[in-house]
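For reference, the structure is listed below as structure tokens.
Here the structure is a predicted model, which means the values were calculated and not measured.
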Amino acid sequence: MDMTERKITKIAREVSALTVQMMKAEGVGTAEFDFIHLVRHNPGITQAEVRERLRIDKGAAARRAASLELKGYLVRRENPQDGRSQLLYATPQAESLKNSKASIEAAVYEWLLSDLDDAEKAAFCETLDRLYRRMKAESRAGFPECRRLIEGEGENDA
């Protein structure tokens, strides 16, 4: 039984909903934000690589790239190794968008913790950090323990 009632997920979903609303007010949708995020973390990526990683079709990738370039979030440069493709780079405006998303999330989490006293905040943050480190280590290992638990539950349900 899940004692947490998936509340971490539910809180994150609510924060994400607010972030999406705020980002849309800046003229960027979630699909565009995913595109920007990928390019920011992979400067010089080709549109074909973006399509492959985001699992989107050629037309959708071309439309998003053109839209983001028009909005000032991306620039395209010729690929010196392949004259038929272009390399994508995030602009400083895209970097500020990242900071904007992070600042929205930080403000919401700060507000959320504001009802706790200092001792409660410290205990919560210590526990949260411990859980995060455990999950990050599990992720880096390819999720072996989580997969084992999930697959084990599936066998018991049959």
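- Ile104 and Phe33 fall within a single hydrophobic cluster, where Ile, Leu, Val, Met, Phe, Trp and Tyr are joined by side-chain heavy atoms under 4.5 Å apart, directly or via other members.
- Taking CD1 of Ile36 as the start and CZ of Arg64 as the end, the distance is 11.0 Å to the nearest 0.5 Å.
- Atoms NZ and OG, on Lys121 and Ser114 in that order, are 6.5 Å from each other to the nearest 0.5 Å.
- One hydrophobic cluster, built from ILVMFWY side chains closer than 4.5 Å, holds both Ile56 and Leu68.
- One finds no salt bridge joining Glu138 and Arg134 here, because no Lys/Arg side-chain nitrogen approaches an Asp/Glu carboxylate oxygen to under 4.0 Å.
- Glu26 and Leu97 get closest at one heavy-atom pair: OE1-CD1, 3.4 Å.
- No more than 12 heavy atoms of other residues, nucleotides or ligands shown are found within 6.0 angstrom of NZ on Lys24.
- Linking Ile, Leu, Val, Met, Phe, Trp and Tyr whenever their side-chain heavy atoms come within less than 4.5 Å leaves Ile8 and Tyr132 in two separate clusters.
- For the residue pair Glu49/Thr46, the side-chain donor-acceptor check at 3.5 Å is satisfied.
- Note that CZ of Arg76 and CG of Leu87 are 11.5 Å apart. Values are rounded to the nearest 0.5 Å.
- In terms of heavy-atom proximity, Gln47 sits nearest to Ala65 at OE1-CB, 3.4 Å.
- Here the OG1 atom belonging to Thr127 is positioned 8.0 Å from the CZ atom belonging to Phe124, to the nearest 0.5 angstrom.
- Contact annotation: the side chain of Met135 approaches that of Cys146 to within less than 4.5 Å [non-hydrogen atoms, C-beta and beyond].
- Taking a 6.0 Å sphere around CG of Leu131, one finds it holds more than 12 heavy atoms contributed by other residues, nucleotides or ligands.
- Taking OG1 of Thr91 as the reference point, atom CD of Glu69 lies at 10.0 Å (rounded to 0.5 Å).
- The backbone N or O of Thr19 sits nowhere less than 3.5 Å from a side-chain atom of Lys101 that would complete a donor-acceptor pair.
- Leu112 and Leu116 are not part of a single hydrophobic cluster, where members link through side-chain heavy atoms under 4.5 Å apart.
- The 12-atom threshold is not exceeded at CD of Glu78, counting heavy atoms of other residues, nucleotides or ligands nearer than 6.0 Å.
- A cation-pi contact links Arg77 to Tyr89, judged by a cut-off of 6.0 Å to the six-membered ring centre and 45° from its axis.
- Under 3.5 Å, the side chains of Arg53 and Asn42 contain a donor-acceptor pair of N or O atoms.
- Applying the 6.0 Å contact sphere to CD of Glu52 captures no more than 12 heavy atoms from other residues, nucleotides or ligands.
- Within a 6.0 Å radius of OH in Tyr109, other residues, nucleotides and ligands contribute more than 12 heavy atoms.
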For side-chain contact (heavy atoms from CB on, under 4.5 Å), just list the numbers for Cys125 and Leu113, CA-CA rounded to whole Å, side-chain angles, deciding distance to a tenth of an Å, and then say yes or no.
CA-CA 10 Å; Cys125 290; Leu113 294 177; 4.2 Å; yes
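- A 4.5 Å side-chain heavy-atom check between Lys58 and Arg51 finds at least one atom pair inside the cut-off.
- Considering only heavy atoms from C-beta on, Met23 stays 4.5 Å or farther from Glu32 through its side chain.
- A donor-acceptor pair is defined here as one N or O able to donate and one able to accept, closer than 3.5 Å; no such pair exists between the side chain of Glu14 and the backbone of Ile11.
- A pairwise comparison of heavy atoms in Gln93 and Gly72 identifies OE1-O, 3.4 Å as the closest pair.
- Side chain of Asn79 to main chain of Gly83: no donor-acceptor pair is present (N/O by atom type, distance under 3.5 Å, no hydrogens or angles).
- Arg133 has a carboxylate O that lies under 4.0 Å from a charged side-chain N of Asp129, or vice versa, which qualifies the two as a salt bridge.
- Leu38 and Val20 sit in two unconnected hydrophobic clusters of ILVMFWY residues. Membership requires side-chain heavy atoms under 4.5 Å apart, directly or through other members.
- For the atom pair CG of Leu74 and CZ of Arg40, the computed distance is 11.5 Å after rounding to the nearest 0.5 Å.
- The shortest distance between side-chain heavy atoms of Leu18 and Met22 falls below 4.5 Å.
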